[in-house]
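The chains referred to below are lettered A, B, ... by the order of the sequence lines, with proteins before strands, and numbering in each begins at 1.
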Number of protein chains: 2
Amino acid sequence: MAQATERLQRYLEDELGECRDEDVDRRLDELGTLEAALGPAQVDTELDVLAALANETRYTLVRVLVAAGEELCVCELQAVVDVSESGLSHALSALVDAGLVTGRKDGRWKKYQATNRAITLVTVLAGSVTDE
Amino acid sequence: MAQATERLQRYLEDELGECRDEDVDRRLDELGTLEAALGPAQVDTELDVLAALANETRYTLVRVLVAAGEELCVCELQAVVDVSESGLSHALSALVDAGLVTGRKDGRWKKYQATNRAITLVTVLAGSVTDE
DNA sequence: GCTTCAGTTGATTGTCTACTCAATTAATCG
DNA sequence: CGATTAATTGAGTAGACAATCAACTGAAGC
């Protein structure tokens, strides 16, 4: 970090006209505060959610479940994605772990449903991409 | 898909009490419609955005830029993440490609700023994770 | 003009991830 | 009960990804 700090010092000299060591320390502290604004645990959760969504198979499943607005059977979801039965099960399991869908056994069948989190995220994401 | 269709047929028999081939076809069509609700091009864009965010280094950069509310110099961002100078540059480049940040050269320095898309997504994601 | 400096680019490498296959569970049906 | 069915689990593997190193670009400053 020593070298990086030198560069930051030169930058602050450019910006402030003058720059003492204490100015560098203050700026480093400000940057640290920005980074720590959310707790690290929450960031981990957010990254888990993002990782779960950032895959074509899983994102398709979430989108379909959100669009359906009701629970769908695994055997129906099988018709929607292009992976093996096992692959579908792995995908759904990852989505459950990320809190994006919930599963419920119903007799011989298992049904999955999008959570509020999934609905919110898919809606906002679609919106933020539409208005390029 | 032949086998999967058989299972779907049995499922629909369970649900509807009775099920002709045409019922299966109709359900398959409904599912296809759900999947196609958004154009495939838009889905690709959404997946690109998700992939760009789903990485600790890049997500941290976006969060800090959003929290800062102003443009930050590469040399400032260097203090925030734990990768090489080159790794930082690669990360910022990926974020630009995903439309999450913009870059601007200012003399010897290069400054990056969060886009509206990034602000929206980070805000909503943080919110959707807070209310567990 | 040559050097220094800020940042980028491309190639390479080790790690992580998303599948598939095979075996397994749990439930239903005959 | 034994067989079939729906779905899950775990091991293995091919491909994708993130980071680094080294070489490069372009602007600033002496």
> Determine: side-chain N/O of A:R7 to OP1/OP2 of C:dG7, distance under 4.0 Å, yes or no.
yes
> Of the options C:dT28, C:dC5, D:dA7, whose atoms approach the side-chain atoms of B:R108 most closely?
C:dC5
> Have A:E46 and B:Y59 got a donor and an acceptor in their side chains that come within less than 3.5 Å?
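Yes, B:Y59 and A:E46 have a side-chain donor paired with an acceptor closer than 3.5 Å.
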> Between C:dA18, D:dA18, D:dA7, which nucleotide gets closest to the side-chain atoms of A:N55?
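Among the listed nucleotides, the one closest to the side chain of A:N55 is C:dA18.
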> What is the distance, to the nearest angstrom, from the CG atom on A:L88 to the P atom on D:dA6?
14 Å
> By nearest atom, which of the nucleotides D:dA7, C:dA18, D:dT9 is closest to the A:S86 side chain?
D:dT9
> Hey, which of these two, A:D14 or A:V74, hits DNA chain D nearer its 5' end, going by closest nucleotide?
A:V74
> Output the rounded distance in Å from CG (A:L50) to P (D:dA18).
13 Å
> If I take atom CD in residue B:E15 and atom P in nucleotide D:dA6, what distance separates them, rounded to the nearest angstrom?
13 Å
> How many Å lie between CG on A:L92 and C1' on C:dA18, as a whole number?
14 Å
> Please check if the number of heavy atoms outside B:E13 that lie under 6.0 Å from its CD is greater than 12.
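For B:E13, atom CD is crowded (more than 12 foreign heavy atoms under 6.0 Å).
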> Is the phosphate of C:dA6, meaning OP1 or OP2, less than 4.0 Å from a side-chain N or O of A:R10?
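True: A:R10 side-chain N/O within range (under 4.0 Å) of C:dA6 OP1/OP2.
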> Ion pair present between A:E22 and A:R26, side-chain N to carboxylate O less than 4.0 angstrom?
no
> The helix from C:dG1-D:dC30 to C:dG30-D:dC1: angle between its terminal axes, five pairs each, to 10°?
20°
> Quick check: on DNA chain C, is the nucleotide nearest B:K105 upstream (toward 5') of the one nearest B:H90, or the reverse? Name the residue that is more 5'.
B:K105
> Looking at D:dT20, C:dT28, D:dA7, which one has an atom nearest to any side-chain atom of B:V83?
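Of all the options, the side chain of B:V83 is nearest to D:dT20.
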> Please confirm whether the backbone N or O of B:Q78 pairs with a side-chain atom of A:R7, one donor and one acceptor, at under 3.5 Å?
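Not a single qualifying donor-acceptor pair exists.
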> Is the distance from OP1 or OP2 of D:dA7 to the nearest side-chain N or O of B:Y11 less than 4.0 Å?
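Negative; the distance criterion is not met.
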> Please state how far atom CZ in A:R104 lies from atom P in D:dA7, giving the value in whole angstrom units.
13 Å
> Quickly work out the B:E85 CD to C:dT8 P distance and round it to whole Å.
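Those two atoms, CD and P, are 9 Å apart.
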> Pairing donors with acceptors under 3.5 angstrom, does anything connect the side chains of A:E35 and B:T60?
no
> Just how far, in rounded Å, is P of C:dA18 from OH of A:Y59?
16 Å
> Could you walk me through whether A:R63 and B:V43 pass the side-chain contact (heavy atoms from CB on, under 4.5 Å) check?
CA-CA 10 Å; A:R63 278 204 310 111; B:V43 171; 3.4 Å; yes
> In whole angstroms, how far is the C1' atom of C:dT17 from the CD atom of B:E56?
17 Å
> Might you point out which heavy atoms bring A:A98 and A:V49 nearest each other, and give the distance in Å?
O-CG2, 3.7 Å
> Donor-acceptor check, side chain of B:T123 to backbone of B:I119, threshold 3.5 angstrom: yes or no?
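The answer is yes, because a donor-acceptor pair under 3.5 Å joins these two groups.
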> Determine: side-chain N/O of B:T57 to OP1/OP2 of D:dA19, distance under 4.0 Å, yes or no.
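Yes.
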> For the side chain of A:S89, counting heavy atoms from C-beta on, which of D:dT9, C:dT8, C:dA6 is nearest?
D:dT9
